[in-house]
**Student:** 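Mind having a look at this structure? Questions to follow.
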Amino acid sequence: MTKSSIVSIPSNTKDVKIMNYINGEWVHPTTGTYIDNYNPATGQKSTPIPDSSSVDIDNAVQAAKAAFPQWSATPVAERAAILNRIADLIDTNCANLAVLESQDQGKPVIFAAAADIPMCAQFFRQFAQYIVKGISEIKSQTNTQATLKNITEMVPSVLKSTTQHVASGVAALITPWNFPMLVVCEKLAPCIAVGNTCVVKPTELTSITPYLLTQILQVAGVPPGVANFVFGTGINAGEPLVKHKDVRLISFTGGSLTGSRIGGIAGSLLKRVSLELGGKNPSIVFNDCNIEHAVATNVRAAYQNQGEVCICSSRQYVERGIYDQFVKGFRQKVLEEVRVGDPSNQQTFYGPVVSKQHMEKIMNYIRLAQEEGAKVEFLVNPNDTMVKSVSSDGRLTIKGLEGGYYIAPTLITGIKQSSRVVQEEIFGPVVCVLPFSTEEEAIILANDTQYGLGATVWTEDGDKLMRVMKQLNAGSVWGNSWGVSDECMPFGGMGCSGTSREHGKWSVEFFTETKALYTHNQS
Amino acid sequence: MSSTKYKLPNLPFSEKLIYINGEWVEPAGQQSAKVENPDTASIISEVPECTVEDVDRAVQAAYAAFHDGPWVNEYSGAQRRDALLMLADEIEQHRAEIELIESINTGKPISDVRGELDDTIDLFRHFAGYADKVEGRHIAAQTNAKLQGYTTKVPVGVVGFINAFNYPICLLAWKVAPALAAGCTIVFKPGPQTPLTTQYFAHLLHKTGRFPPGVFNVVLGGITAGQALVDHDLTDKIGFTGSVATGKQVIRSTASSKNVRSASVELGGKSPGVVMPDVDLDKTAELVVSGCMSNAGMNCNALTRLWVHRSIYDEFLPRLKNAAEALVLGTPQDEQTQMGPLIDERQYKRVLEYIRIGREEDKAEILTGGKPVPERGGYWIQPTLFYNVDPKARIATEEIFGPVLSVLKPFDSLDEVIEIERKNEFGLAAGIFTHSHKDIAKFTRKLRSGTIWVNNYNGLYSYLPFGGFRNSGFGRELGYESFDGYLVPKAIIDDISA
């Protein structure tokens, strides 16, 4: 592929050929082999992914290492200009990127175009602005009594101290398949903004838009070696990357199991690590909520992006006084408005789940709930002409897309708090609704999992809202809302949901090393 | 005949002397002023009226202490912190005496004074915590990495304080604690009616032995001393609590002397309360009455104009009446007394005049009270509620500074209340009583008031800023913001290229 000053993003995955991007060049994996990749909407094969190995990883890390001294010394205004150009290029190519994201991941095109892709650009603009404004260091000056000349003589003196944030070195960015391009940008933007270089290893399930991003980076003028992309599996590419002696820090978003493994490796090698993991996020709906608003938002929070959202409201606790009304309203809302099918169709609310394996995993949970005697409903409108059939364990067969990985909007009631279906992250369009009686009980139930990523509270009583929000053990808590964010706020989880916070100044803190500098003089 | 069983204790300092430059000294002039117990209108003490010369002496001492003394030039933040902590301990040890003196001098119920001493002690400890945490910023400059830009924060310098009479020791703490923590030196003038606890404070400060001479100085008196302090060129900042008229004069003085000085002024309020239909009426009536009548209404953030929703208006009024009439008036030093007298004759006459204006000019109706209480001998007025008051009435818009609440005509929508309150001359505080989080969000977002209470009133805390918009003044007391107000940033740019 030749270098170009224009980015040409095709509109179909068939026209994309994914290659590794190392030191500013697109190259084949050294093994020469590729992994099969599937379009989840159809179950058909799509563009294959390089099956990279530790050799490719080493090449990429070396490139990043070599590029580090110059990039970290590049004046802030220049780095910011590059980041702003990346943002502009993402915006310009939004439509095609959204189509390809949808084909690779399964999410509806309209959501990718309206939310995902624009947010990618925002991350670059935000961190460009951040570094231009200047990272604020703490400076202190104090009078002190100290020994200067010899051990016994204390003299009045002045101590001046300042912090200094510096770039850390080569970072490993390992990203998931639910928001393929978004999470790459979320990490890449602050990482290179502060002067680091990196190797990005996106999940093999959704590598297309990350690959296309490399074309944007090239045209935007990111120097060779600053951002390298190596595609492949966790075992063959991800693990060598995490273990590589020249990788100083790792930012990972994905499942808790993999996160635990990465954390273990990073810890043993004394690398700094940020883990953003899963969630089993509660929603608490009180009698005195705005029920229409609560139902509408909770439906969205359950099923948007196929429920493949780390902060999805997958456990919904409803106060007994409105329980029946809520469930009825929820059911009705889904039947009326949530259509599952072709992600390129404007009417589709959510598309297929990302892979066959993931679909099987979700259906296992559905079957488990059925075995436990819970009430499991598949909320598919009988008049929905897109749906050919619904299997007994929730799989949808969509007309014309019979090979695709579709799961019905699943509502589970009559299930115990201790059930695995309530406790474990399913990451699909499956929601459990349980009743509660008192405020205290709701808080206990909400906090009762190993996770702690997100939570929502629904009540019109202003005091109760704040009181309850403050007692929930979750990194982000929403009152009468879900999923909205302010870019300066931290994002991350408690417990098995993760170990760190990112976004805003938290990302800057993570990606930099902080030093303390002291000068000390006699007054 | 009112009780004389509570007498001023023996004071550990001489009432004839003033504290300047670490010593108790004779004032320059001969003038003195009597100090009253407003419960009985009896004289309890006599203190000097300072002259221009006294004030100059005090400011010179503060100036030398700041520029040449060890307080800022040698002491670390930690040393200033420890000095303040020790001072807090001294106040705590002697609090019983201070409480009695304050109650006798101001007429405040002793139970209220105890809360004020809790706050006073807490404030010195709270701001001690900032003394060793002064931070500047260091920013790597943009394209030219060879330049280093950083800020350092330095204390503003010599601060002149003019205090009001309504919370003598407590407002002293509001002002002095952050200013000392920041490394400033001070000349402090209490309200002329209430000098005693300020003097006691100076005595305790001296007793700690941790404050070098000149760091804290007191001048006593009224207009002469006040004007001299406000005009003095060697001050760097003036902190003032008082009326709008005097406050404006203070600001003018800081601009018209040889040396421009900064100011922080807290000038009063006409704070509105809003009662929506979804609240517990009994509980809310108590909160409203206490919000207005606390300190006999001599409280700049008192709730003095009340909006009550039409749908609960008739049910709410009798509850307000009962709550106001239930207040126990009596000897302030008795435990069960809940409300005291006005501070002096001038204030007493002013409040009675406003009650007359309410009746005769504003044509407002009285729900309860409206009369003085002559049996006690001092400056007592009953808790007074007017109702159906026009929002534009004089009693509803002008600060009375007494135990008088105007319950306005009933309202229908919160939007109309917010629109009217936009034109409130003052903007110090406000309160809303409702559980609707939408209404809370709207009210707290739209009202330009320095403090907004939701389902409570009057609580102020060391860690939250207090101050006003518009004629309530500018600058903040309490909170980190007040501490920061006693610091000034310097920016230093350094070329570190080879």
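Within every chain, numbering begins at 1; the chains are lettered A, B, ... in the order of the sequence lines, protein sequences first and strands thereafter.
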**Student:** Please report the interatomic distance CD(B/E135) to CD(A/Q141), rounded to the nearest 0.5 Å.
**Tutor:** 13.5 Å
**Student:** Heavy-atom pairs under 4.5 Å with chain A: which of B/I440, B/N73, B/V72 has the most?
**Tutor:**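 Between B/I440, B/N73, B/V72, the count favours B/N73.
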**Student:** Quick one: what part of A/S140 sits under 4.5 Å from any heavy atom of chain B, side chain, backbone, both or neither?
**Tutor:** both
**Student:** Can you tell me how far apart OG1 (B/T151) and CD (A/E137) are? Round to the nearest 0.5 Å.
**Tutor:** 11.5 Å
**Student:** Rounded to the nearest 0.5 Å, how far does OH of B/Y150 lie from OG1 of A/T162?
**Tutor:**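 The distance works out to 9.5 Å.
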**Student:** With a 4.5 angstrom heavy-atom cut-off, is it the side chain or the backbone of A/D288 that approaches chain B, or both, or neither?
**Tutor:** neither
**Student:** Do B/N455 and A/D463 have side-chain heavy atoms sitting under 4.5 Å apart?
**Tutor:** yes
**Student:** In this structure, are over 12 heavy atoms from other groups packed under 6.0 Å from B/R137 atom CZ?
**Tutor:**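 Not buried by this count: 12 neighbours or fewer within 6.0 Å.
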**Student:** Consider only side-chain N and O atoms of B/H437 and A/D461, and report whether a donor and an acceptor are under 3.5 Å apart.
**Tutor:** no
**Student:** Just wondering, more than 12 heavy atoms not from A/K464 lying within 6.0 Å of its NZ?
**Tutor:** yes
**Student:** Around atom CE of A/M466, are there more than 12 heavy atoms from other residues, nucleotides or ligands closer than 6.0 Å?
**Tutor:**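 Check fails, neighbour count at 12 or below.
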**Student:** What part of B/V154 gets closer than 4.5 Å to chain A, counting heavy atoms only: side chain, backbone, both or neither?
**Tutor:**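 Neither part; nothing is under 4.5 Å.
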**Student:** Determine which residues belonging to residues 76-85 of chain B lie within contact range of chain A, meaning some heavy atom pair is under 4.5 Å apart, and list them by number or answer 'none'.
**Tutor:**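 Result: B/S76, B/G77.
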**Student:** With a 4.5 angstrom heavy-atom cut-off, is it the side chain or the backbone of A/I138 that approaches chain B, or both, or neither?
**Tutor:**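 A/I138 touches chain B through backbone and side-chain heavy atoms alike.
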**Student:** Within a 6.0 Å radius of atom NZ on B/K133, are there more than 12 heavy atoms belonging to other residues, nucleotides or ligands?
**Tutor:** yes
**Student:** Measure A/T459 against the heavy atoms of chain B and call it side chain, backbone, both or neither at under 4.5 Å.
**Tutor:** backbone
**Student:** For atom CZ of B/R310, decide whether the heavy atoms of other residues, nucleotides or ligands shown that lie under 6.0 angstrom number more than 12.
**Tutor:**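 Result for CZ/B/R310: enclosed.
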**Student:** Working to the nearest 0.5 angstrom, can you tell me the gap between A/K160 NZ and B/H138 NE2?
**Tutor:**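 Reported to 0.5 Å precision, the distance equals 11.5 Å.
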**Student:** For the CD atom on B/E416, are there more than 12 heavy atoms of other groups (residues, nucleotides or ligands in this structure) within a distance under 6.0 Å?
**Tutor:**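 Yes.
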**Student:** Heavy atoms, side chains only, cut-off 4.5 Å: are B/K438 and A/E460 in contact?
**Tutor:**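 Side-chain contact under 4.5 Å: yes.
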